[in-house]
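Right, one structure below, let's go through it.
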Protein chains: 2
Amino acid sequence: MKEESYKQLLEQKGLKKTKVRITLLQHFMSIEHAQSYNDLQAALVNEVDKSTLYRSLASFEQAGIIHSINDHSGLTKYAFGQPPSQGNEHAHFVCEQCKMVYCMGKLAPLQLNVPKGFKTNKVQAILKGVCSDC
Amino acid sequence: MKEESYKQLLEQKGLKKTKVRITLLQHFMSIEHAQSYNDLQAALVNEVDKSTLYRSLASFEQAGIIHSINDHSGLTKYAFGQPPSQGNEHAHFVCEQCKMVYCMGKLAPLQLNVPKGFKTNKVQAILKGVCSDC
DNA sequence: AAATAAATGCAACTCTGTGGCATTTAAAAA
DNA sequence: TTTTTAAATGCCACAGAGTTGCATTTATTT
Ligand SMILES: [Mn+2]
Ligand SMILES: [Mn+2]
Ligand SMILES: [Zn+2]
Ligand SMILES: [Zn+2]
């Protein structure tokens, strides 16, 4: 993917094409698993401010470029692509060995029985196991 | 439930029957939904130290008296009873209105297809919706 | 090139949770 | 019952993730 496409995506989403955002977006599009704040800092060789990074992530998420994931590790992870939404859910897979987090394909509508009076709107599933690299 | 039963449970688990633990256990057994640290402090009218409370929760959890729940709110919740375990999974329901967290009944084994090379060991499901009180 | 509005960096701060250590308390031994 | 002991408590300081205010810089518009 060439530099132009990052810029196009930012423009399309109405986001300023700044140095930080281009580098960050480039990184997100070049890796396959979810990233923590620390992963990102390391990838950007710590040359970006903490607030700036968090704010960039927030912008990206609001624009639907990335989505955040709670993998129950205590650290929020971020992954490229639209969030799981109504009718387009996807589960997240956490490898118990390498701790990496992957977005899974479309999630088949789960049948989960709840007590009378409870109405389920959405299901968030976290799969734990061993990934294909381990 | 009378005072004796709390003490019996603590003794059975090999835990000292202290004032804090008895009060805490009594509280857990008297409510139906999961509790955050702040909920518990309020219930114990703030007369117990933060470290002590967290350490009591850790003891209870290790003993299998309670289990902790990540409801994606940022605050860990604690509920009475055994944790979801292999062959005895249960999902958690988060009410989008009142934010309360409930333990659901036994979770039917979910069929979730993962890519080749991934092996799923367990599934943690969080249901979001509206509870019977709202 | 000048004006404008948004993005950045810095520092201080909030919030959840943890760890050390002296003191107290429950349980065991005498 | 009194003494011993080991674990629980309280206090305090700290760690780590994330947020906010504000002055400065930078991308975009005019
Ligand atoms: Mn995902
Ligand atoms: Mn539960
Ligand atoms: Zn792995
Ligand atoms: Zn409710």
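First the proteins, then the strands, lettered A, B, ... as listed; each starts at 1.
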Round to the nearest Å and state the distance from [X] atom [atom1] to [N] atom [atom2].
X	N	atom1	atom2	answer
L57(A)	dT8(C)	CG	C1'	14 Å
N38(B)	dT16(C)	CG	C1'	9 Å
E11(A)	dT29(D)	CD	P	8 Å
D49(B)	dT24(C)	CG	P	15 Å
Q41(A)	dG16(D)	CD	C1'	14 Å
L40(A)	dA17(D)	CG	P	13 Å
L15(B)	dA7(D)	CG	P	12 Å
Y37(B)	dT16(C)	OH	P	9 Å

Report yes or no: do [X] and [Y] belong to one cluster of Ile/Leu/Val/Met/Phe/Trp/Tyr joined by side chain heavy-atom distances under 4.5 Å?
X	Y	result
I65(B)	F28(B)	yes
L127(A)	V94(A)	no
V130(A)	M104(A)	no

**Prompt:** Contact class for T52(A) (heavy atom, under 4.0 Å): base, sugar-phosphate, or nothing?
**Reply:**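 If one applies the 4.0 Å heavy-atom cut-off, T52(A) turns out to touch a base.
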
Report yes if a donor N or O on one partner sits less than 3.5 Å from an acceptor N or O on the other, where the partners are the side chain of S51(A) and the base of dT20(D); otherwise report no.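 Yes, a donor-acceptor pair under 3.5 Å.
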
Looking at R55(A) and dG18(D), is any side-chain donor or acceptor paired with a base atom of the opposite kind under 3.5 Å?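 Answer is no: no donor-acceptor pair is held.
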
Fit a plane to each ring of H72(A) and H72(B), take the angle between them on a 0 to 90° scale, and name the class: parallel (under 30°), tilted (30 to 60°) or perpendicular (over 60°).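 It falls in the perpendicular class, over 60°.
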
Among the nucleotides dT8(C), dA27(C), dA27(D), which one has an atom lying closest to any side-chain atom of K16(A)?
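Ranking dT8(C), dA27(C), dA27(D) by closest atom to the K16(A) side chain puts dA27(D) first.
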
> If you check every side-chain atom of K17(A), which of dT28(D), dG9(C), dT9(D) has the closest atom?
Replying inline: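 That would be dT28(D).
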
Worksheet item: Under 4.0 Å between a side-chain N/O of S59(B) and OP1 or OP2 of dA8(D), yes or no?
Response: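 No, outside the criterion.
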
>> Between Y54(B) and dT18(C), is there a contact of a side-chain N or O with OP1 or OP2 at under 4.0 Å?
In response: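 No, no such contact exists.
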
Could you say whether K50(A) or T18(A) is positioned toward the 5' end of DNA chain C, judged by the nucleotide with the nearest heavy atom to each?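 Looking at DNA chain C, the more 5' nearest nucleotide goes with T18(A).
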
field: T76(B) vs G14(A), nearer the 5' end of DNA chain C by closest nucleotide
entry: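 Result: G14(A).
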
Notebook entry, point to check: With the threshold set at 4.0 Å, does a side-chain nitrogen-carboxylate oxygen contact exist between K17(A) and E11(A)?
Noted result: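 Judged by the 4.0 Å cut-off on N to carboxylate O distance, K17(A) and E11(A) do form a salt bridge.
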
